[in-house]
Amino acid sequence: MSTTSAPLSPPLVPAAQPRPRGRVQRSIAVLTAAAMLTACVSTREGRIGADDGTDACRAQVVALDSTGNFFAEDIIRGAAIGAVGGAALGALLAAASGGRGRNIAAGAAIGAVGGAVVGGTAGYFSARQQQAQDQASLSMAVANDLAAENAQLDRTWVAYTQLMDCRFGTAQRIRQAFRAGQVTRPQAEAQLADVRARTQRDLALARSINDKIGERGQQFDVAIENIAPGTKDQVLSGARVSRAVPVQARAPVALKLRPDPNAPEVTQISAREAVTLRPSYNGFALVETASGVRGYAPASAFPEARNLGVAPPQPTASTGGDFRSLAASNIARRDNFSQSLENTERLAQGAGFELAS
């Protein structure tokens with residue numbers, strides 16, 4: 001068998017040493033690209049799964065997921081800008097101190113980490129400060145951003161509400177079908193278990209969106225505190241001052257998912273059951289049972305409701321256009337969405353999907 005000799009390799013020539021500046025630029029580029037690629041790995045199918053045609057609430061799931069894109073995109077952009085700025089600063093510091101080669105690259109890496117942290121917390125306000133010509137233009141720029149953020153928060157709130165209405169409404173129809181003898185107990189329990197599992201996945205999606213809202217909210221909080229100090233403390237303290245009034249139900253009362261007569265029923269309280277009341281909207285009271293389940297019932301069902309205080313700000317309440325009003329509305333929206341998510345998670349653990357509810 002004949003063989004063919006491989007051609008001789010050319011003699012190795014020592015490569016020219018790259019200039020430090022080239023190394024710095026490449027280090028920054030690599031760090032920036034890595035940050036961007038890491039942030040873009042999520043897909044819709046990865047977040048909510050493929051459509052198998054069996055989910056009656058699929059359209060609402062897609063709608064909620066779509067609203068999260070806004071918050072994720074802004075967070076990614078802020079972190080990436082911070083990383084670039086931090087990497088450049090770290091590299092310049094290393095070079096200025098006589099660093100070479102690896103020292104400069106290490107300085108860029110350290111700066112990128114620090115820059116990403118700054119970009120995720122104070123980067124937004126710093127960027128707006130640099131762009132603004134004076135305090136008035138700074139306040140107006142942040143106010144415009146708050147107005148846009150509030151509009152997006154409203155879209156997320158509506159999408160989340162519609163999805164939860166669909167899930168709990170489905171559970172309510174299953175219970176009604178069981179009571180009417182249209183399905184057996186094992187069938188009804190299996191159907192409720194499926195709805196509960198789907199709701200848990202929905203809540204995981206909502207939690208991820210809420211986390212992104214919270215990260216962006218930290219950036220806004222820095223700006224708000226610098227422009228209108230004390231706004232956040234005032235809003236949150238006002239939302240928590242409502243006093244819980246202990247009562248006993250005089251008759252069975254259905255608890256709704258939302259303070260809306262058309263909202264799905266999540267559970268019922270029995271006559272003489274001890275509960276607490278807090279103020280709410282639309283003629284409803286927020287009712288909490290001894291086991292921690294919360295729902296809404298007409299305030300007229302409880303004579304003691306007249307002793308309730310003022311309800312906290314509504315997530316979609318209209319506000320004025322001044323900076324403090326926009327800031328307060330943004331904080332209230334974020335807090336209300338987080339509180340609503342927490343309450344729904346409690347319901348999903350049991351009461352909202354129990355056959356006896």
Side-chain angles (χ1 to χ4, degrees), residues 41-72 152-214 254-268 289 291-296 315 336-357:
V41 296
S42 181
T43 64
R44 170 171 290 174
E45 188 168 317
R47 292 188 301 269
I48 66 175
D51 185 6
D52 61 3
T54 64
D55 189 356
C57 304
R58 177 71 182 187
Q60 290 86 345
V61 176
V62 171
L64 176 60
D65 177 69
S66 298
T67 68
N69 294 337
F70 170 83
F71 304 105
Q152 292 292 338
L153 286 168
D154 285 347
R155 294 187 183 98
T156 298
W157 173 263
V158 170
Y160 174 75
T161 298
Q162 290 176 343
L163 175 55
M164 291 299 104
D165 276 7
C166 183
R167 293 297 188 210
F168 283 90
T170 300
Q172 184 176 343
R173 289 190 291 273
I174 293 170
R175 289 193 293 267
Q176 290 171 344
F178 170 68
R179 292 167 187 160
Q182 298 169 350
V183 295
T184 65
R185 175 175 287 274
Q187 289 173 328
E189 289 176 342
Q191 291 172 8
L192 285 173
D194 178 70
V195 178
R196 180 188 289 110
R198 293 181 187 273
T199 304
Q200 293 291 357
R201 290 194 291 271
D202 299 337
L203 291 173
L205 171 64
R207 280 194 297 272
S208 70
I209 294 174
N210 190 51
D211 288 344
K212 295 168 186 174
I213 291 172
L255 300 187
K256 298 283 188 174
L257 181 63
R258 292 180 292 104
D260 183 336
N262 298 318
E265 176 185 323
V266 293
T267 191
Q268 281 197 352
T289 68
S291 62
V293 174
R294 290 181 177 180
Y296 297 87
N336 273 285
F337 183 70
S338 182
Q339 291 290 322
S340 179
L341 176 57
E342 179 183 334
N343 185 46
T344 312
E345 287 175 329
R346 292 183 187 178
L347 293 172
Q349 293 298 323
F353 300 104
E354 289 178 349
L355 194 55
S357 294

- Message: What's the separation between atom CD1 in I48 and atom OG1 in T43, rounded to the nearest 0.5 Å?
- Response: 9.5 Å
- Which heavy atom in N336 sits nearest to a heavy atom in W157, and how many Å separate them? O-CZ3, 3.9 Å
- Query: What are the two closest non-hydrogen atoms of C166 and A56, and how far apart are they?
  - Reply: SG-O, 4.2 Å
- Between L257 and the options N343, T161, V266, the side-chain contact (heavy atoms from CB on, under 4.5 Å) test singles out V266
- Task: Using atom types as modelled and distance alone, determine if a side-chain donor or acceptor of Q172 lies under 3.5 Å from a backbone N or O of E265.
- Result: yes
- Find out whether L153 and F337 are in side-chain contact, i.e. whether some heavy atom of one side chain is under 4.5 Å from a heavy atom of the other. no
- Query: Of T67, T344, N210, which is the lone residue that meets side chain to side chain donor-acceptor pair (under 3.5 Å) with Y160?
  - Reply: T344
- First locate atom CD1 of I209, then atom CG of L64, and finally report the distance between them rounded to the nearest 0.5 Å. 4.0 Å
- Message: Testing the basics here: between F353 and R196, what is the closest heavy-atom pair and its distance to 0.1 Å?
- Response: O-NH2, 3.1 Å
- Item | Smallest separation among heavy atoms of G53 and D51, with atom names | N-OD1, 3.0 Å
- Rounded to the nearest 0.5 Å, what separation is found between the CZ atom of F178 and the CD atom of Q191? 11.5 Å
- Please confirm whether the backbone N or O of A263 pairs with a side-chain atom of K256, one donor and one acceptor, at under 3.5 Å? yes
- Taking all non-hydrogen atoms of both residues, which atom of L355 and which atom of A188 are closest, and how far apart? CD1-CB, 3.7 Å
- Task: Report yes if some heavy atom in the side chain of R47 is under 4.5 Å from a heavy atom in the side chain of R201; otherwise report no.
- Result: no
- Atom pair OG/CD of S338 and E342 - distance to nearest 0.5 Å: 6.5 Å
- Going through the checks in order, is the side-chain contact (heavy atoms from CB on, under 4.5 Å) test met by M164 and L203? CA-CA 9 Å; M164 291 299 104; L203 291 173; 4.2 Å; yes
- Query: Cut-off 3.5 Å, side chains only: do T170 and R173 have a donor facing an acceptor?
  - Reply: yes
- Item | salt bridge (Lys or Arg N to Asp or Glu O under 4.0 Å) partner of D202, chosen from R207, R167, R58 | R167
- Item | Nearest atoms (heavy-atom pairs only) where R44 meets S66 | NH2-OG, 2.6 Å
